[in-house]
Colleague: 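Got a structure here, written out as structure tokens. Questions coming.
Quick caveat, the model's predicted, so the values are computed rather than measured.
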Amino acid sequence: MKRSNTFKITIPAELQELSQVLNVVGTFARQLGATEEKLGQIELILEELLVNIVNYAYPHKTGTIEIRYRYSQNTQLRLEIIDQGIPFDPLAIPDVDTQMPLEDRPIGGLGIFLIRNIANNLDYRRQNGKNILTVYISLNTEQSENDGRMKK
């Protein structure tokens with residue numbers, strides 16, 4: 001029988017559950033040789049995405065969040081964040097105009113902007129009533145600097 005190299009954790013969509021995910025995925029990334037800087041980036045991405053799901057995906061009910069993670073080719077950490085909440089494509093959010101004065105900017109969107117600038121690649125799909133966001137993060141600092149930014 002073939003063994004999968006994908007791991008997963010499923011949590012209730014509640015804020016107090018986030019630290020468990022950060023610890024598990026952080027330990028996994030650390031074992032793969034992620035630097036402290038990369039660990040901080042991974043934590044920022046997970047925290048931003050999971051908090052948004054907790055706050056907005058299940059407005060009238062409780063739900064769960066599934067996080068699948070694995071070491072992908074090209075020294076990348078591949079994260080899949082899955083929820084059964086209301087349909088939401090974070091990649092459809094327009095980029096934040098960082099040149100605009102802070103007081104003139106609309107509220108929201110900065111977290112997605114940060115994720116786009118940290119991740120090597122992002123992919124969203126809605127499948128079988130689920131939001132599935134896949135995030136690729138290079139664990140090799142040199143590679144992530146040379147890769148450029150997110151491709152849709």
Colleague: Minimum heavy-atom separation for Arg78 to Tyr136, with atom names?
Modeller: NE-OH, 3.2 Å
Colleague: Taking the side chain as every heavy atom from C-beta outward, state whether Glu48 and Leu114 have any pair of such atoms under 4.5 Å apart.
Modeller: no
Colleague: Can you tell me how far CD1 of Ile9 sits from CZ of Phe28, rounded to the nearest 0.5 angstrom?
Modeller: 13.0 Å
Colleague: Atom CD of Glu80 and atom CD1 of Ile67: how far apart are they, to the nearest 0.5 Å?
Modeller: 11.0 Å
Colleague: Between Asn131 and Arg126, is there a side-chain heavy-atom distance shorter than 4.5 Å?
Modeller: yes
Colleague: Does Tyr56 have its ring centroid less than 6.0 Å away from the ring centroid of Phe88?
Modeller: no
Colleague: Is the shortest heavy-atom distance from the side chain of Arg116 to the side chain of Leu122 under 4.5 Å?
Modeller: yes
Colleague: Are Leu22 and Leu79 connected into the same hydrophobic cluster when the rule is that any two of I, L, V, M, F, W, Y join if their side-chain heavy atoms are below 4.5 Å apart?
Modeller: yes
Colleague: Could you walk me through whether Arg70 and Lys8 pass the side-chain contact (heavy atoms from CB on, under 4.5 Å) check?
Modeller: CA-CA 9 Å; Arg70 71 181 175 100; Lys8 75 176 183 175; over 6 Å; no
Colleague: Measuring only between side-chain heavy atoms, which start at C-beta, is Thr134 closer than 4.5 Å to Arg68?
Modeller: no
Colleague: Do Lys38 and Gln41 pair up side chain to side chain, a donor and an acceptor below 3.5 Å, judged on atom types alone?
Modeller: yes
Colleague: If you take all heavy atoms of Gly26 and Leu39, which pair is closest and at what distance?
Modeller: O-CD2, 3.5 Å
Colleague: Can you get from Ile115 to Ile82 by hopping between Ile, Leu, Val, Met, Phe, Trp and Tyr side chains that sit under 4.5 Å apart?
Modeller: no
Colleague: Mind checking the CD1-CG spacing from Ile45 to Leu50? Nearest 0.5 Å is all I need.
Modeller: 11.0 Å
Colleague: Could you tell me which non-hydrogen atom of Leu91 sits nearest to which non-hydrogen atom of Tyr124, and how far apart they are?
Modeller: CD1-N, 3.7 Å
Colleague: Heavy atoms, side chains only, cut-off 4.5 Å: are Val24 and Val21 in contact?
Modeller: no
Colleague: Would you mind reporting whether Pro12 and Thr62 have side-chain heavy atoms less than 4.5 Å apart?
Modeller: no
Colleague: Can you tell me how far CG of Leu44 sits from CD1 of Ile118, rounded to the nearest 0.5 angstrom?
Modeller: 4.5 Å
Colleague: Name all residues meeting the ring pair (Phe, Tyr, Trp, His ring centres under 6.0 Å) criterion together with Tyr58; count only those two or more places apart in sequence or in a different chain, and write none if there are none.
Modeller: none
Colleague: When hydrophobic residues are tied together by side-chain contacts of less than 4.5 Å, even through go-betweens, does Ile81 share a cluster with Ile132?
Modeller: no
Colleague: Work out which heavy atom in Ala57 is nearest to a heavy atom in Pro59; give both atom names and the distance.
Modeller: O-CD, 3.2 Å
Colleague: With heavy-atom distances below 4.5 Å as the criterion, would you say the side chains of Tyr71 and Leu139 are in contact?
Modeller: yes
Colleague: Name the residue from Thr10, Leu49, Val54 that meets the side chain to side chain contact (heavy atoms under 4.5 Å, CB included) definition with Ile65.
Modeller: Val54
Colleague: In Å and rounded to the nearest 0.5 Å, what is the CG to CD1 distance from Asn117 to Ile112?
Modeller: 11.5 Å
Colleague: Assigning hydrophobic clusters by single linkage (Ile, Leu, Val, Met, Phe, Trp, Tyr; side-chain heavy-atom cutoff under 4.5 Å), is Ile53 placed with Ile86?
Modeller: no
Colleague: Rounded at 0.5 Å granularity, tell me how far CG in Leu133 sits from CG in Asp83.
Modeller: 9.5 Å
Colleague: So, do Thr75 and Leu32 sit near enough that their side-chain heavy atoms are less than 4.5 Å apart?
Modeller: no
Colleague: State, to 0.1 Å, how close Asn120 and Ser138 come at their nearest heavy-atom pair, and which atoms those are.
Modeller: OD1-N, 2.6 Å
